[in-house]
Visitor: 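Right, I'll just put the structure down here and ask away after.
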Amino acid sequence: MKRNWWKESVIYQIYPRSFKDSNGDGIGDLRGIIEKTDYLKDLGVDILWLSPIYQSPNDDNGYDISDYYQIMTEFGTMADFDELLAELHKREIKLVMDLVVNHSSDEHEWFQKSKTSKDNPYRDYYIWRKGKNGGPPNNWKSFFGGSVWEYDEETEEYYLHLFTRKQPDLNWENEKLRQEIYAMMRFWLDKGVDGFRMDVIPLLSKRLEFADGDMSDFGKAVEKIYANGPRIHEFLQEMHREVLGKYDVVSIGEGVGVPPETAELYVGDYRKEINMIYHFGHMFIDHGEKGRMDPKNWTRSGFVDVFKSWDRALKANSWGTIYLGNHDFPRLVSRFGDAENYWYESATLLATLICILRGTPTLYQGDEIGMRNVSFKQASQFRDVEFFNTYKEQKAIQGDKFDENKFIEIACEFGRDNARTPMQWDSSVNAGFSKVQPWIDVNSNFSEINVANQENSPVSILSFYKKLLKFRKEDLIWVYGEQEIFELIENQLYAVARIQGSVVKWVILNFSNSEFEIDLWLADDSEIQFSNYQSANENKHLGPWQVSIFAMSLESYISLKNSILN
Ligand code: TEU
Ligand code: CA
């Protein structure tokens with residue numbers, strides 16, 4: 001497999017609104033990030049992915065862009081951006097921006113012109129259709145509740161918005177629109193930006209007959225109806241030809257709706273489309289048919305199977321990310337670990353999983369200190385448009401049977417606001433994030449969980465992350481080694497082998513509260529190299545949520561593997 005800098009890097013995602021407020025308005029900003037560039041360097045990250053920082057009315061907190069060439073007023077100025085980029089590059093940290101081009105904000109001048117009349121030159125920068133039988137053109141449902149069609153009285157047509165009504169979908173069939181997007185991409189790349197994380201990129205190409213579809217299972221509808229449209233690969237190959245292929249930059253596709261079977265069409269190194277993909281198999285594992293607020297049970301076995309099937313899909317000539325959280329999902333230690341009983345152990349095991357699997361590890365702000373889900377009591381504490389739209393929709397459907405407390409309870413476990421509370425820097429007011437009440441409540445546990453009380457303690461999640469990133473960087477086997485995953489005890493004990501030449505790294509992970517003797521799964525020459533437990537306990541024993549990494553010879557591994565498999 002070809003060596004690339006973006007395969008050997010660790011990515012750290014910042015949600016700027018919640019990272020650090022430098023000017024006391026309660027909202028995170030670019031100067032706040034500049035203040036923390038040494039913190040990022042010290043943590044050991046190589047690439048910073050910034051969620052959108054462009055001008056936006058913040059209906060969806062920046063994922064609704066009204067000017068792709070301006071920095072959002074609340075986040076600062078273009079001079080601040082230039083300084084941030086320079087400070088990052090000085091520290092050999094690359095910057096990846098969030099490219100949101102499936103839709104713009106309805107306040108973008110293109111849309112303002114497009115909606116004035118049917119023959120405005122910008123009309124088909126967006127997707128307008130006549131209604132049908134006095135209603136919308138079809139039965140498609142928005143990611144954020146309700147129909148994907150919004151009626152415009154002025155021109156008596158509907159426009160398409162797969163997300164909120166303030167996020168009209170751009171019409172990628174329009175060559176002029178595509179050229180405008182490519183020009184904008186060049187503007188940022190010519191400033192020295194090192195790549196893009198591409199928001200919902202599989203949705204760009206629409207099935208233009210806009211036929212009704214089966215909306216009963218939303219995840220299926222996304223894959224079969226919204227994503228992987230007829231011209232998606234043509235558009236991405238054109239984007240590569242016109243822009244990305246001309247720079248030494250990374251393109252990271254947010255692969256919503258892409259199944260493992262067809263992922264290679266997007267990220268095969270011979271495809272000249274995008275470099276790597278975020279997959280969602282594990283991130284939708286607890287989403288019922290109606291999405292995240294309709295949760296369902298899942299098993300650890302199913303969780304591990306997702307990584308097995310995606311590694312099989314990508315291993316020949318493609319590449320992916322390994323992540324367990326971002327700004328759209330609950331906190332990983334609350335969701336996939338045991339924050340109640342084994343907060344340190346499960347947070348550090350999950351961090352190790354992210355860093356030992358094949359793919360570019362992607363960390364999310366706050367997970368490096370074990371930030372946990374919120375326990376909001378009032379609907380008014382939430383900020384996410386997805387929360388409010390779903391709340392309204394469920395209240396309308398259920399009428400007086402709607403149980404607001406139950407809804408809030410589910411949102412505290414599955415909602416996106418969990419990942420958007422302010423970064424907890426120290427135990428001072430507002431967790432050191434801001435001098436004033438922030439735009440969203442700080443998690444009430446900030447005096448226990450914060451950077452300040454972890455960074456100097458040898459046994460803390462933050463200190464562990466630093467050791468882990470250093471450990472990973474010491475050996476390229478974690479990037480390019482072959483990978484095999486084993487289920488040793490269903491839903492509890494798993495092993496991952498990484499193999500390069502005659503060297504084998506053998507990772508045993510205990511995703512449970514039980515304890516195990518593991519000599520059955522070790523060889524005579526197994527040598528412990530790393531663990532999330534401090535105690536120099538018997539190497540042949542794993543405590544609750546303990547992960548241990550061993551080195552062994554290839555011969556030992558082969559005989560061990562045969563004994564496991566037979
Ligand atoms: O998210 C798209 C996506 O993957 C959805 O599944 C998303 O997780 C949403 O929460 C559905 O429940 C991207 C951005 O990451 C997200 O923040 C934006 O809201 C969305 O696109 C629209 O731009
Ligand atoms: Ca601010």
Side-chain angles (χ1 to χ4, degrees), residues 13 15-35 49-54 56 58-65 71-77 80 98-105 141-145 148 161-170 197-204 218-219 221-223 226-227 252-258 277-281 283-284 286-288 290-295 323 325-330 362 364 383-387 389-390 411 414-420 422 430 433-439:
Q13 180 197 357
Y15 194 68
R17 201 170 189 80
S18 309
F19 191 66
K20 181 75 175 64
D21 169 23
S22 72
N23 64 341
D25 63 355
I27 297 169
D29 47 56
L30 299 189
R31 301 215 65 83
I33 303 173
I34 291 171
E35 283 172 28
W49 155 28
L50 272 190
S51 275
I53 58 173
Y54 318 96
S56 164
N58 289 301
D59 187 56
D60 186 15
N61 287 349
Y63 283 92
D64 50 320
I65 296 166
I71 299 298
M72 189 190 301
T73 312
E74 296 163 318
F75 286 170
T77 64
D80 294 330
D98 212 313
L99 184 75
V100 188
V101 292
N102 171 68
H103 48 273
S104 76
S105 163
K141 274 178 58 57
S142 157
F143 276 85
F144 295 150
V148 298
H161 62 87
L162 295 182
F163 293 92
T164 75
R165 45 182 285 283
K166 283 183 68 63
Q167 292 171 291
D169 279 57
L170 289 163
R197 174 267 189 189
M198 304 156 92
D199 192 62
V200 298
I201 205 75
L203 310 185
L204 299 186
F218 192 64
V222 172
E223 178 183 333
Y226 298 165
I252 306 168
E254 186 201 23
V256 64
V258 176
I277 192 165
Y278 273 99
H279 66 76
F280 281 85
M283 300 308 267
F284 291 157
D286 52 11
H287 287 196
K290 290 197 241 13
R292 77 170 70 235
M293 294 302 284
D294 166 28
Y323 74 108
N326 63 31
H327 64 290
D328 286 332
F329 293 99
T362 306
Y364 178 63
R383 292 291 176 274
D384 180 11
V385 65
E386 184 176 23
F387 171 89
N389 285 12
T390 317
F414 297 95
R416 303 197 297 180
D417 287 296
N418 281 304
R420 302 174 179 192
N430 301 318
F433 164 76
S434 171
K435 295 206 174 3
V436 302
Q437 169 61 28
W439 67 281

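Counting convention: from 1, in listed order, for ligands and their atoms alike. In what follows, residues are counted from 1 in the order of the sequence shown.
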Visitor: Would you say the rings of Tyr63 and His327 are close, in the sense that their centroids are separated by under 6.0 Å?
Guide: yes
Visitor: Show the atoms of ligand 1 that are less than 4.0 angstrom away from any heavy atom in His103.
Guide: 22 (C), 23 (O)
Visitor: Among Arg416, Arg292, Arg17, which residue meets the salt bridge (Lys or Arg N to Asp or Glu O under 4.0 Å) test with Asp384?
Guide: Arg416
Visitor: Looking only at protein heavy atoms, which one is nearest to atom 23 (O) of ligand 1, and how far off is it?
Guide: Asp199 OD2, 2.8 Å
Visitor: So which N/O/S atom does Asp25 have closest to the Ca ion (ligand 2)?
Guide: OD1
Visitor: List every atom of ligand 1 that sits less than 4.0 Å from any heavy atom of Arg416, numbering the atoms from 1 in the order shown and giving each element.
Guide: 9 (C), 10 (O), 16 (C), 17 (O), 18 (C), 19 (O)
Visitor: Where the Ca ion (ligand 2) is the centre, what is the OD1-to-O angle for Asp21 and Ile27, rounded to 10°?
Guide: 90°
Visitor: Please confirm whether Met293 approaches ligand 1 to less than 4.0 Å, judged on its heavy atoms.
Guide: no
Visitor: Any sub-3.5 Å donor-acceptor pair from Asn389's side-chain atoms to Phe144's backbone N or O?
Guide: yes
Visitor: Does Ser22 bring an N, O or S atom to within less than 3.0 Å of the Ca ion (ligand 2)?
Guide: no
Visitor: Side chain or backbone of Phe284 under 4.0 Å from ligand 1, or both, or neither, by non-hydrogen atoms?
Guide: side chain
Visitor: Between Leu204 and Asn102, what is the shortest heavy-atom contact and its length?
Guide: CD2-CA, 3.6 Å
Visitor: Val200 and side chain to side chain contact (heavy atoms under 4.5 Å, CB included): which partner among Val101, Val256, Asp169?
Guide: Val256
Visitor: Out of all atoms in ligand 1, which are within 4.0 Å of some heavy atom of Glu386? Include the element for each.
Guide: 10 (O), 11 (C), 12 (O)
Visitor: So, Tyr278 side chain and Met198 main chain: donor-acceptor pair closer than 3.5 Å or not?
Guide: no
Visitor: So, of the N/O/S atoms that Asp29 has, which is the nearest one to the Ca ion (ligand 2)?
Guide: OD2
Visitor: Number the atoms of ligand 1 from 1 as they appear, then name those within less than 4.0 Å of a heavy atom of Phe280, with their elements.
Guide: 4 (O)
Visitor: Which ligand 1 atoms are under 4.0 Å away from a heavy-atom of Asp328?
Guide: 1 (O), 7 (C), 8 (O), 13 (C), 14 (C), 15 (O), 16 (C), 17 (O)
Visitor: Before giving the answer on salt bridge (Lys or Arg N to Asp or Glu O under 4.0 Å), spell out for Arg31 and Asp80 the whole-Å C-alpha distance, their side-chain angles and the decisive distance to 0.1 Å.
Guide: CA-CA 6 Å; Arg31 301 215 65 83; Asp80 294 330; 2.7 Å; yes
Visitor: Whether the side chain of Asp21 engages the backbone of Gly24 through a donor-acceptor N/O pair (distance < 3.5 Å, no angle test) should be reported.
Guide: yes
Visitor: What's the shortest distance from atom 1 (O) of ligand 1 to any protein heavy atom, and which residue and atom give it?
Guide: Glu254 OE2, 3.2 Å
Visitor: Using a 4.0 Å heavy-atom cut-off, which part of His287 comes near ligand 1: side chain, backbone, both, or neither?
Guide: neither
Visitor: May I ask you to list the atoms of ligand 1 that are less than 4.0 angstrom from any heavy atom of Val200?
Guide: 2 (C), 13 (C), 21 (O)
Visitor: For atom 19 (O) of ligand 1, which protein heavy atom lies nearest, and how many Å away is it?
Guide: Asp60 OD2, 2.6 Å
Visitor: So which heavy atom in the protein is nearest atom 20 (C) of ligand 1, and how far is it from that ligand atom?
Guide: Phe163 CE2, 3.7 Å
Visitor: For Tyr15 and Asn61, which I'm curious about, is there any donor-acceptor pair between the side chains at under 3.5 Å?
Guide: yes
Visitor: Counting only N and O atoms by type, is there a donor-acceptor contact under 3.5 Å from the side chain of Asp29 to the main-chain atoms of Ser22?
Guide: yes
Visitor: I need the atoms of ligand 1 closer than 4.0 Å to a non-hydrogen atom of Arg292, numbered in the order shown.
Guide: 8 (O), 9 (C), 10 (O), 11 (C), 12 (O)
Visitor: Do Tyr323 and Tyr364 pass the ring pair (Phe, Tyr, Trp, His ring centres under 6.0 Å) test, and can you show the C-alpha distance, the side-chain angles, and the key distance before you say yes or no?
Guide: CA-CA 8 Å; Tyr323 74 108; Tyr364 178 63; over 10 Å; no
Visitor: Which ligand 1 atoms, with their elements, are less than 4.0 angstrom from a heavy-atom of His327?
Guide: 14 (C), 15 (O), 16 (C), 17 (O)
Visitor: Could you walk me through whether Thr164 and Asp59 pass the side-chain hydrogen bond (donor to acceptor under 3.5 Å, both in side chains) check?
Guide: CA-CA 8 Å; Thr164 75; Asp59 187 56; 2.8 Å; yes
